[in-house]
There are 2 protein chains.
Amino acid sequence: MGQRDAGATRARILAAAVTEFAAHGHSGGRIDRIAKDAGSNVRMIYAYYGNKSGLFDAALSDAIRRMADEVPPRPTELPAWVGELFDFHQRQPEVLRICLWAQLERPEAASEPLETYLAKVESLQQQASPVIGAVDLLVIIYAVAQAWQLAPVGLLSADGSASHETRRAAAVEAITRLLA
Amino acid sequence: MGQRDAGATRARILAAAVTEFAAHGHSGGRIDRIAKDAGSNVRMIYAYYGNKSGLFDAALSDAIRRMADEVPPRPTELPAWVGELFDFHQRQPEVLRICLWAQLERPEAASEPLETYLAKVESLQQQASPVIGAVDLLVIIYAVAQAWQLAPVGLLSADGSASHETRRAAAVEAITRLLA
DNA sequence: CCTAAGTAAGTATCTATTTACTTATAGGCT
DNA sequence: AGCCTATAAGTAAATAGATACTTACTTAGG
């Protein structure tokens with residue numbers, strides 16, 4: 001293979017799409033920018049992904065898969081898992097951003113890779129309580145891990161003494177108390 | 001005042017803008033639709049709000065103010081407050097949606113009405129603990145109250161026995177345990 | 001009758017998608 | 001091996017429809 005490698009081009013387009021859509025969303029994302037950023041051409045995007053929405057969905061799935069791979073659930077150590085999720089979102093804000101865009105702009109696409117979530121629910125059954133069921137527990141864990149990414153920047157910067165570590169500790173502590 | 005009432009037109013435009021931007025965001029929102037929906041004209045939007053971003057910011061501020069008015073903080077009864085926030089988001093999903101859009105598309109605008117938040121932080125000082133400070137506590141409370149709106153619909157529908165009440169109870173219980 | 005409120009019809013730009021074309025490369029055939 | 005060719009990979013330019021924003025005009029009402 002020389003300069004023509006379909007798989008590599010496909011992958012470069014997908015990577016560029018994740019970046020673009022994470023930054024600007026489906027509606028704000030620009031096909032031209034993605035093509036340029038991928039060192040490819042608009043035509044190739046349509047050849048490989050059909051249309052803008054197809055590309056967005058592919059980018060979303062890729063991001064979700066990456067998160068599931070990098071931070072696998074640890075049903076017996078939920079506080080530790082929250083800490084890892086917190087770190088992940090700090091390290092790769094792109095993933096949460098693209099998920100949020102999807103939730104707002106294409107809710108039907110957002111729950112496509114559902115097995116990923118359902119498997120986690122299964123494994124959480126043990127930790128659930130009568131008042132907080134397994135699904136709700138998972139929902140709360142995700143919410144706490146993402147909480148600081150969703151807060152307005154002005155509010156966070158108001159807390160001068162805060163740091164990555166203190167916030168992480170707060171998230172972990174919150175889930176610890178939740179399970180006590 | 002007859003058919004020509006500047007204040008009323010302004011208000012109708014703003015209301016239509018909140019609806020439109022909550023549904024489609026800044027980038028996806030359409031000026032023409034807002035004008036039509038408000039029973040007014042594109043020109044008036046520019047006369048009153050300058051440009052699209054000006055209108056979006058006004059809509060955002062209006063939504064935030066509405067939430068602050070309807071669900072004032074109750075520093076000494078945080079679990080109850082979470083319950084009310086949960087109800088509010090269920091009742092008026094528009095507000096959370098427009099805040100999320102702002103966070104993604106115009107983060108600088110999202111923290112404009114900052115006093116609203118800072119006042120709440122002040123009042124939370126009493127409830128804070130060494131490991132979870134006042135700001136972090138507020139961040140977590142917001143996150144839990146919104147959690148179910150951010151979860152993929154497919155995940156929620158997987159839980160057949162869940163209802164508004166059981167979820168609300170889970171949110172309240174989570175904050176109760178957090179403060180124990 | 002003058003000013004502010006309102007209307008209708010542009011305009012210039014942008015943007016997703018297509019069409020028509022060029023070139024590399026794998027694999028059969030001699 | 002070396003040529004030939006079908007096909008996949010790639011490019012550039014056009015198109016058709018939106019869309020934010022303006023200009024030029026009309027009308028209500030104090």
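Chain letters run A, B, ... following the sequence lines, proteins first, then strands; residues in each count from 1.
- In terms of modelled atom types and a separation under 3.5 Å, the side chain of A:Trp148 and the main chain of A:Ala171 share no donor-acceptor contact.
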Margin query: Run the side chain to side chain contact (heavy atoms under 4.5 Å, CB included) test on A:Glu84 and A:Glu77 for me, step by step, so that the C-alpha distance in whole Å, both residues' side-chain angles and the decisive distance to 0.1 Å come before the verdict.
Written below: CA-CA 11 Å; A:Glu84 286 168 18; A:Glu77 291 159 308; over 6 Å; no
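- Atom-to-atom, CD of A:Glu20 to P of C:dT15 comes out at 10 Å; the value is rounded to the nearest Å.
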Got a list of protein N/O to nucleotides 5-7 of chain D N/O distances below 3.5 Å?
none

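- In this structure, the nucleotide among D:dA12, C:dA16, C:dG6 sitting nearest to the side chain of B:Met44 is C:dG6.
- If you take CZ of A:Arg10 and P of D:dA8, they are 14 Å apart, rounded to a whole angstrom.
- For the pair A:Arg33 CZ and C:dC14 P, the computed distance is 12 Å after rounding to whole Å.
- Counting any heavy atom pair closer than 4.0 Å across all strands shown, B:Gly29 reaches sugar-phosphate atoms only and no base atom.
- B:Gly28 comes within 4.0 angstrom of nothing in the nucleic acid, heavy atoms only.
- Residue A:Thr9 places at least one side-chain N or O closer than 4.0 Å to OP1 or OP2 of D:dG10.
- Straight-line distance from the CG atom of A:Asn41 to the P atom of D:dA13: 11 Å, rounded to whole Å.
- When ring centroids are compared, B:Phe56 and B:Trp101 stay outside the 6.0 Å threshold.
- A cation-pi arrangement is not found for B:Arg43 relative to B:Tyr48, the charged atom failing to lie both closer than 6.0 Å to the ring centre and inside a 45° cone about the ring normal.
- One finds a side-chain N or O of B:Arg30 lying less than 4.0 angstrom from the OP1 or OP2 phosphate oxygen of D:dT19.
- Each of B:Val42 and B:Ala6 lies near DNA chain C, and the nucleotide nearest B:Ala6 is the one positioned closer to the 5' end.
- Atom CD1 of A:Ile13 and atom C1' of D:dT11 are 13 Å apart (whole Å).
- Between the NZ atom of B:Lys52 and the C1' atom of C:dT13 there is a distance of 14 Å, given to the nearest Å.
- Looking at A:Glu94 and A:Arg66, a side-chain N of the basic residue comes within less than 4.0 Å of a carboxylate O on the acidic one, giving a salt bridge.
- The distance from atom NE2 of B:His26 to atom C1' of D:dA20 is 10 Å, rounded to the nearest whole Å.
- Side-chain N/O atoms of A:His24 and B:Ser27 include no donor and acceptor closer than 3.5 Å.
- The A:Tyr48 side chain lies nearest to D:dA9 when the options are C:dT18, D:dT22, D:dA9.
- Using a 4.5 Å heavy-atom threshold, the side chains of B:Phe21 and B:Arg97 count as separate.
- Rounded to whole Å, the distance from CD1 on A:Ile45 to P on C:dT15 is 14 Å.
- In this structure, A:Glu165 does not pair ionically with A:Arg167, as no charged nitrogen and carboxylate oxygen lie closer than 4.0 Å.
- Counting only heavy atoms from C-beta on, B:Tyr46 has its side chain closest to D:dA20 among D:dA20, D:dT11, C:dT17.
- Comparing D:dA20, D:dA12, C:dA16 against the side chain of A:Asp32 picks out C:dA16 as the nearest.
- Minimum atom distance to the side chain of B:Arg43 is reached by D:dA24, of the listed D:dA24, D:dA12, D:dA20.
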